[in-house]
Amino acid sequence: MPQITLPDGTIKSFENPISAHDIAMSIGERLAKACVGCLIDEELSDLSTVIEHDCTLSLVTEKTRDKQDDPNALNLLRHSTAHVMAEAIQRIIPGAMLVYGPALDNGFYYDISFPEDRPLRDGDFEAIEKEMGAIVKENRPFTRYELEYSEGLEKVKAEGSKYKLDNAHRAHRAGSLTLSFYATGEPGKDWEDLCRGPHIPSTGRIGAFKIMSLASSYWHGDENSDRLTRVYGTSFFSKKDLNKHLEQLEEAKKRDHRVLGKKLKLFAIDETVGQGLILWTPNGSVVRKELQNFISAELTKQGYHEVFTPHIGKLDLYRTSGHFPYYAESQFPPLIERDHMHSLSEEGCSCAELSNHLKTGEIEGFMLKPMNCPHHIKVFDSQPHSYKDLPVRLAEFGTVYRWEQSGELNGMTRVRGFTQDDAHLFCTPDQIGQEVQGCLSLVKTIFRILGMNEYRVRVGLRDPDSGKYTGDPANWDKAEQACRDAAETLGVPFTEEPGEAAFYGPKIDFIVKDVIGREWQLGTVQVDYNLPERFDLSYIGPDNEKHRPVMIHRAPFGSMERFIGVLIEHFAGAFPVWLAPEQVRVLPISEKSNDYAHEVMSALHAVGIRSTMDNHDQRVQAKIKNGSEMKIPYLLIVGPRDAENRAVSVRAFGIEKDLGQMPLDNFVSAIGEEYRTKGRSSVRDRFATVNA
RNA sequence: GCCACUGUAGCUCAGUGGUAGAGCGCACCCUUGGUAAGGGUGAGGUCGAGAGUUCAAAUCUCUCCAGCGGCUCCA
């Protein structure tokens, strides 16, 4: 006699075991119709699940009461659509073997192994969608049935897919005594799949769906295992929702830093220069320079010293740091001295031999620096230090080069040459907490000024079961605690992740999402007990003895490339005045006003405002359109009426109508103020005061 | 690195075996205008590179290069 507790607290009792669907019916027929699944004791389940014991029950409908999408409903829908898609694909390509097909946040995928002679191509999408449409139209119920493990295993074996067999084994190992199958229709007659479920009641509930793209994946995510084809799709309860989703994707595309980078002329990548190597065009260089100046100023306030170091270093430097040959795969190949090259080629030296010579140090060479730390260490070590000097904080916008896999490169966010806003702090063990704290407060300041509040923090700790870490475990414990304490003070979500530490020390990472939801690691703060050891660094303590300093690596922005890539998307290209490459554009109404427009521009240039003039032979409407498309903060329309009053008519980006007229001198001082204060005071404010 | 797709004018793209196209941008001319595209004329292309098939290749095939979406990786 199950007692069912509903979300509002009411308790319903039933004489016999009863399905969730029938419970919904007992409340109301319309509710039952709207249901696609249920939560039984918080576990997402089929609506057809028969309840035998006391539990809490929450019915899952297409939309929540406030007409929002219900994530649970979409999850059921999408996993079910994955089944429909798999059936359609197997009808078209009978040899396709299914692997795994889960729902995602905004869709679903199915990993499938296709016969070698019949791969899936995106030209197949139309035919698959047509088949799927037919299956949806047939409105076949998703029917669950369970077999006892050994019996189920026989069935899976008979079907002959090693992937599904593996899934069955995994389910068993996870403690499952039975195997569950879902038929799309009638078991034994219609298509079915080994599946944990749950599903929506029937295919007819799938309102709209679309196959999105193909990708490749590896079985179990293992690069050395079978290669699978991953088919991505999405579905919604209504065509309207699907269209809305597709429109959002289009909108996101417009914010993409790669699209905006081209349109706003911020950066370029040229394949003859090399993939993953950013060319900063004048506009992008302005943004970068403003940011760098800002960071430099903040660093000076915090007692940092800027240094400059070369882009290359001897291999021996990296042998000492431990990065060569250990990380040779992810570095550009070494540069070898000319004399060595000659003699080696005369000796007929093979690549493998050369590589060995480099590893053992029999041949010396140079390397493009993959990180700045060894150079900064050498700066620190170029003179003796007293404990009174510590902490020593060395900062550099240091450009580094890493050999990223070609398939991983992505606009400005994943590149092969990038400039870190790097710094290394050398301190006593006692100073770690305070210094980590200082790094985080800098991050906080910078993110606040930029209005970037949507980031999360990851505290990378060592994996206790791994031996790859160097250094004293007691020191590790102390450093990990310092990171944890510092992260807590930030006031944003943070997670602790064992195994995410660098080999030399624990770290704090700042992670943001790009417009299409991909996460990127930006800044990082890392404690390092290892490199000071390897480089035998020391300072003289109060006891007149040598002591080992601790190092902290930190780069709050990560790299200028990635950060500005993310920043372009954050602002959708509409930079605030202090960062905008073009802060003001003067639009003369006709050639007759060109002279006054020049005067206006000179007045702005005189106070360091980046302004241009649009002297095309076009109407002002067209000039306004062009100016807005370039997302320029202020457009100044100047015509005879303005010239007469020595005024300008101001139009601010993002405002439909113009702000009105303002005396030229006032505008110049107002925008100068907006520039200097990074927006805390603005031209708009000035208008507001005048109008108030 | 792997799989799929894409590569045509400065940009966005059409062109599927038979003389290379459009819109925007650019230059010039007309227009001299007041808040999101006035009108006209013109310049601009080894169709990503190389090889092959063919009487004929932007188009078909192969190799390479690059981009995009994922996977894997990211000190």
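So that the names make sense, note that chain A is the first sequence line, chain B the second, and so on, each numbered from 1.
Residue contacts shown for A:E591 include a base, since a base heavy atom lies under 4.0 Å away. Within 4.0 Å of A:S216, counting heavy atoms only, lies at least one base atom of the nucleic acid. Residue contacts shown for A:H220 are absent, as no nucleic acid heavy atom lies under 4.0 Å away. Among the atoms of the strands shown, only primed sugar atoms or phosphate atoms (P, OP1, OP2) are found under 4.0 Å from some heavy atom of A:Q526. Backbone-only contact: A:K262 has heavy atoms under 4.0 Å from sugar-phosphate atoms and none from a base. Nucleic acid contact class of A:P119 (heavy atoms, under 4.0 Å, all strands): none. Base contact: A:R651 has a heavy atom under 4.0 Å from a base atom. Nucleic acid contact for A:Y232: sugar-phosphate only, since backbone atoms but no base atoms lie under 4.0 Å from a heavy atom of the residue. Counting any heavy atom pair closer than 4.0 Å across all strands shown, A:Q420 reaches no nucleic acid atom. At the heavy-atom level, A:D617 lies under 4.0 Å from base atoms of the strands shown.
Between the CD1 atom of A:I211 and the C1' atom of B:A4 there is a distance of 14 Å, rounded to whole Å. Separating the CG atom of A:D270 from the P atom of B:G7 is a distance of 20 Å, rounded to the nearest angstrom. In this structure, A:R641 atom CZ and B:U35 atom P are separated by 8 Å, rounded to whole Å.
Taking the P atom of each, B:G40 and B:A58 are spaced 33 Å apart, rounded to whole Å. Look at the P atom in both B:A27 and B:U54: the space between them is 48 Å, to the nearest Å.
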